[in-house]
Number of protein chains: 2
Amino acid sequence: MMDEGRPRYLRIAEDLRHQILEGTLPPGERVPSESELIHRYGVAQGTVRKAMTELRTRGLVETFHGRGTFVRSRPPVRRKSSDRFRRSHRKAGKAAYLAESEQAGVEPSVHVLYVGPVEVPADVAHKLGTTSGNRVLARRSLYFSDRAPMETATSYIPWDIAEETPELFEDNPGPGGIYARLEDHGRVLEEFLEEVSARLATKEESSELALSAGAPVIELVRSAYGVDGRVLEVCATVMAADRFVLEYRIPASG
Amino acid sequence: MMDEGRPRYLRIAEDLRHQILEGTLPPGERVPSESELIHRYGVAQGTVRKAMTELRTRGLVETFHGRGTFVRSRPPVRRKSSDRFRRSHRKAGKAAYLAESEQAGVEPSVHVLYVGPVEVPADVAHKLGTTSGNRVLARRSLYFSDRAPMETATSYIPWDIAEETPELFEDNPGPGGIYARLEDHGRVLEEFLEEVSARLATKEESSELALSAGAPVIELVRSAYGVDGRVLEVCATVMAADRFVLEYRIPASG
DNA sequence: TAGTGGTCTAGACCACCGG
DNA sequence: CGGTGGTCTAGACCACTAA
């Protein structure tokens, strides 16, 4: 094996990576065990483990203690386009998530984790224009596509607005989702502000979304503005970074 | 030292993490060297290194070969708002990056890495509507704020469009940036499509952007559409995830 | 129980940085 | 040059999983 000056563990990782990309190691397949790789490449265990760590942080493999390391089957990327909040979708009785899923050809499901009052966190309070610690309505859900967890979303609604909209306290707020209910009660929406950032998943998020440790997530915080300029809702979404691409259209005029 | 059943490297990492958060190890300070930690905790080098890797992937420290490991000082987050391409900014002679920087109160600088022909990569070719491998003009730059690397951007322009716009071959395309030059030559812009995704940084990106290994990046691919519907430019930007928040406004109508 | 990955050691050598 | 981090070995023991 030529040395090329590069560390052996990187060369081993590269080798396995090519086998994965070329299909020699197809998705779901078990990667050769540490002991086999030790013999194959003639290196110590630590070197093989570093190579595996490399592949793991690149999201190519997933390892299970006592079972082995497996090639990850990349689920098709979901595209979240910025037209998913078009009023025409709401009028047609579709909530944003269901409309997206239909377009993607997957079977959506939603697991409502919590609906009820909470003390508003400081960052959300700032966006809602209320005081930190005030009571707001929170709706926390986990969204699935074909039974695989895709994203978590937590929605915060000022208490006075929630009170005039009793459907928001139901697990299922009805056709068109919560934005449709807000507009039913005269809270006409003017625009949304989405703030996108990325970071590594916390332990909690890793388990909720079935991610491997150290996997990145996209965090999207959306503020819904009414025609009066008031923020009617703040929704924080956490998505596995390797499962989403967000799309935004921006007009050149102005 | 109580064992508590947890791996020693995690306990060491935890210990150092607390010192960092409590200020015993302030930002910029050098973390004790490996050999010192080996003596202090009575462990082997590999164990200390695993602890350091832990802190590095969490973004708490940054290490330099031959110099040492240092506590990271978090730079303030930059906000990228979707109005940065307003035509009025271009008319005022400002390129997007300079307009942003002025608003953020930092001193911008740009290092042009390459300007010239390249064979277009497959994914970009698809967006440009050309064939993979065709010749296009590429402009690759590294952007700084207050001398700290913030993002890399690679711009791809179809060759026929580049030819009618000689300024695009210059390092500095002039006031208003390349979009202003395109419009000077009658290529009026209609809209932009931004596709946002996140992933872990490659080794190359880590060194260009001075990131620690395993740090997440935001990748933003922007396609600029002309009034004729043709894609006039594709620009791929890679940003350190912990330094940016992207903002998008979406009208509720439609 | 046999095989897998996870942790750890003691020691070696190399590559890089600064005085 | 001495000190720093980076790579690697050979071997040990542990923890988990499946048959």
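Just so we're on the same page: letters track the sequence lines, and every chain starts at 1.
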Specify the separation, in whole Å, of atom [atom1] of [X] and atom [atom2] of [N].
X: R30(B); N: dC17(C); atom1: CZ; atom2: P; value: 15 Å
X: I38(B); N: dC8(C); atom1: CD1; atom2: P; value: 14 Å
X: E54(A); N: dT7(D); atom1: CD; atom2: C1'; value: 13 Å
X: I12(A); N: dT9(D); atom1: CD1; atom2: C1'; value: 13 Å
X: L37(B); N: dT4(D); atom1: CG; atom2: P; value: 10 Å
X: M52(A); N: dT7(D); atom1: CE; atom2: P; value: 18 Å
X: E34(A); N: dA2(C); atom1: CD; atom2: C1'; value: 16 Å
X: R56(A); N: dT4(C); atom1: CZ; atom2: C1'; value: 13 Å

Dump every N/O contact between nucleotides 10-15 of chain C and the protein below 3.5 Å, one line per pair.
| unit_1 | atom_1 | unit_2 | atom_2 | d |
| --- | --- | --- | --- | --- |
| dA12(C) | N6 | Q45(B) | OE1 | 3.3 |
| dA15(C) | N3 | H65(B) | NE2 | 3.0 |

Item to complete: Write out all pairs satisfying salt bridge (charged side-chain N to carboxylate O under 4.0 Å, His left out) with one or both partners inside residues 199-217 of chain B, taking only residues at least two apart or from two chains.
Response: E54(A)-K203(B), R140(B)-E208(B), R199(B)-E205(B), R199(B)-E219(B)
Fill in: Test: E195(B) and R222(B) ion pair at under 4.0 Å
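Here E195(B) does not pair with R222(B) in a salt bridge, since their nearest N and O are not under 4.0 Å apart.
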Worksheet item: Can a salt bridge be assigned to the pair R72(A) and D242(A) using a cut-off of 4.0 Å between side-chain N and carboxylate O?
Response: yes
Validation: residues 15-30 of chain A side-chain donor-acceptor distances under 3.5 Å, sequence neighbours left out:
| unit_1 | atom_1 | unit_2 | atom_2 | d |
| --- | --- | --- | --- | --- |
| D15(A) | OD2 | Y41(A) | OH | 2.7 |
| R17(A) | NH1 | E14(A) | OE2 | 3.2 |
| H18(A) | ND1 | E14(A) | O | 3.4 |

Taking OP1 and OP2 of [N], is either one under 4.0 Å from a side-chain nitrogen or oxygen of [X]?
X: R67(A); N: dA18(D); result: yes
X: S33(A); N: dT4(C); result: yes
X: T69(B); N: dT4(D); result: no
X: T47(B); N: dT9(C); result: yes
X: K50(A); N: dT7(D); result: yes

Fill in: Close side-chain approach of L246(A) to V196(A), heavy-atom, < 4.5 Å
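L246(A) reaches V196(A) side chain to side chain.
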Worksheet entry | Position toward the 5' end of DNA chain D (nearest nucleotide), F64(A) or Y9(A) | Y9(A)
Discussion item. With no hydrogens and no angle check, just 3.5 Å: does a side-chain donor-acceptor pair link E233(B) and Y179(B)?
Written reply: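 There is such a pair (donor and acceptor under 3.5 Å, judged by atom type) between the side chains of E233(B) and Y179(B).
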Worksheet item: Closest heavy-atom contact between L168(B) and R139(B)?
Response: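 Closest pair (atom of L168(B), atom of R139(B), distance): O-NH1, 2.6 Å.
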